[in-house]
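Notes follow the structure.
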Amino acid sequence: MTPTLFGRWQTRLLLLATVGVLVSIPFAIGLIGLGANSVYFWILAYVAIFGLVWDVVYNYLQKSRWDRDWPAAYQLLAGIWEMIFVFCGVKIFGFLPIPLPKNELPIEAFFLHYSLVWLAVFISSQSLMRIIFPRWRFRGGQWF
């Protein structure tokens, strides 16, 4: 079944709050990246917040497809688009506040963090969610 908008929102928030946080912890405690800093959780929050808005657009575009499905290649393009948007907001234009100056956030650390979070969430949504919660797909991704 094709996910509903409410199902997309629930699934996005659940996966970012669990898998996204687990992937962000090594970055936040300084094992990976620029040292111990909460900036990675801020980035994760921006991905979640703006993702809710983008999901409205994705849902609209998905309805124009004949099978009303969203192939994995489109999910990759959506992830790249979201990364560019958050990167511009945090690093280039600085309209999204973070707890350190925008010039102190290394580009490599941002891209590595975003890529690992996106990959972990994508793999979880395509495999673990379908295995652990088999009815999730048949309810349009909705939990409640």
Side-chain angles (χ1 to χ4, degrees), residues 1-65 68-133 135-137 139-144:
M1 177 175 195
T2 303
T4 63
L5 179 60
F6 194 53
R8 284 180 178 281
W9 285 347
Q10 290 179 14
T11 301
R12 178 184 289 269
L13 293 176
L14 174 75
L15 288 174
L16 287 175
T18 56
V19 176
V21 167
L22 287 175
V23 172
S24 297
I25 288 174
F27 287 90
I29 62 175
L31 294 176
I32 306 171
L34 62 112
N37 202 318
S38 65
V39 69
Y40 299 106
F41 292 116
W42 283 77
I43 292 170
L44 192 63
Y46 290 137
V47 169
I49 292 167
F50 289 110
L52 296 177
V53 175
W54 291 123
D55 278 340
V56 174
V57 175
Y58 301 152
N59 197 48
Y60 175 75
L61 292 173
Q62 183 177 356
K63 288 180 180 179
S64 67
R65 294 183 43 83
R68 305 231 190 285
D69 199 4
W70 197 251
Y74 285 8
Q75 291 178 358
L76 174 63
L77 293 174
I80 291 170
W81 171 249
E82 290 175 13
M83 177 185 63
I84 290 169
F85 183 81
V86 172
F87 177 75
C88 290
V90 169
K91 183 79 173 149
I92 295 177
F93 301 117
F95 62 84
L96 299 174
I98 55 175
L100 72 151
K102 66 180 183 177
N103 56 354
E104 290 183 22
L105 178 64
I107 295 172
E108 301 83 19
F110 175 86
F111 284 129
L112 180 63
H113 174 253
Y114 184 89
S115 299
L116 289 178
V117 167
W118 186 88
L119 186 63
V121 167
F122 177 75
I123 289 172
S124 297
S125 71
Q126 297 298 312
S127 61
L128 290 177
M129 293 292 288
R130 295 173 186 205
I131 294 168
I132 298 172
F133 306 107
R135 295 274 180 220
W136 164 75
R137 276 183 68 203
R139 288 188 281 180
Q142 292 186 21
W143 295 89
F144 302 109

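For the numbers below, each heavy atom of this structure counts, side chains included, while hydrogens, waters and symmetry mates do not.
- Aromatic pair Tyr114/Trp118: ring centres not closer than 6.0 Å.
- Rounded to the nearest 0.5 angstrom, Ser124 OG and Leu119 CG are separated by 9.0 Å.
- Once rounded to the nearest 0.5 Å, the distance linking OG of Ser38 with CG of Leu100 reads 8.5 Å.
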Just distance, no hydrogens or angles: give the donor-acceptor pairs under 3.5 Å from side chains in residues 15-27, sequence neighbours left out.
from	atom 1	to	atom 2	distance (Å)
Thr18	OG1	Leu14	O	2.8
Ser24	OG	Gly20	O	2.8
Ser24	OG	His113	NE2	2.8

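- For residues 78-94, the pairs satisfying side-chain hydrogen bond (donor to acceptor under 3.5 Å, both in side chains) are Arg12-Glu82, Tyr58-Glu82, with sequence neighbours left out.
- When the ring pair (Phe, Tyr, Trp, His ring centres under 6.0 Å) test is applied to Tyr46, no partner is found at least two apart in sequence or on another chain.
- Of the possible polar contacts, one joining the Thr4 side chain to the Gly7 backbone as a donor-acceptor pair under 3.5 Å is found.
- Listed by first then second residue, pairs satisfying salt bridge (Lys or Arg N to Asp or Glu O under 4.0 Å) with a partner in residues 22-34 number zero, not counting sequence neighbours.
- Residue-environment remark: CZ (Phe95) exceeds the threshold of 12 foreign heavy atoms within 6.0 Å.
- Partners of Phe85 by ring pair (Phe, Tyr, Trp, His ring centres under 6.0 Å), not counting sequence neighbours, listed by chain and number: Phe50, Trp54.
- Once rounded to the nearest 0.5 Å, the distance linking CD1 of Ile49 with CG of Leu13 reads 9.5 Å.
- Residues Met83 and Phe110 meet the side-chain proximity criterion, which asks for heavy atoms closer than 4.5 Å.
- Between the CZ atom of Phe87 and the CD1 atom of Ile80 there is a distance of 14.5 Å, given to the nearest 0.5 Å.
- Taking CZ of Arg8 as the reference point, atom OG of Ser125 lies at 10.5 Å (rounded to 0.5 Å).
- For Trp9, the ring pair (Phe, Tyr, Trp, His ring centres under 6.0 Å) test picks out no residue, with sequence neighbours left out.
- Using a 4.5 Å heavy-atom cutoff, the side chains of Leu105 and Ile43 are in contact.
- For the pair Leu116 and Leu112, the minimum side-chain heavy-atom distance is below 4.5 Å.
- Contact between Val90 and Ile98 at its shortest, heavy atoms only, is CG1-CD1, 3.6 Å.
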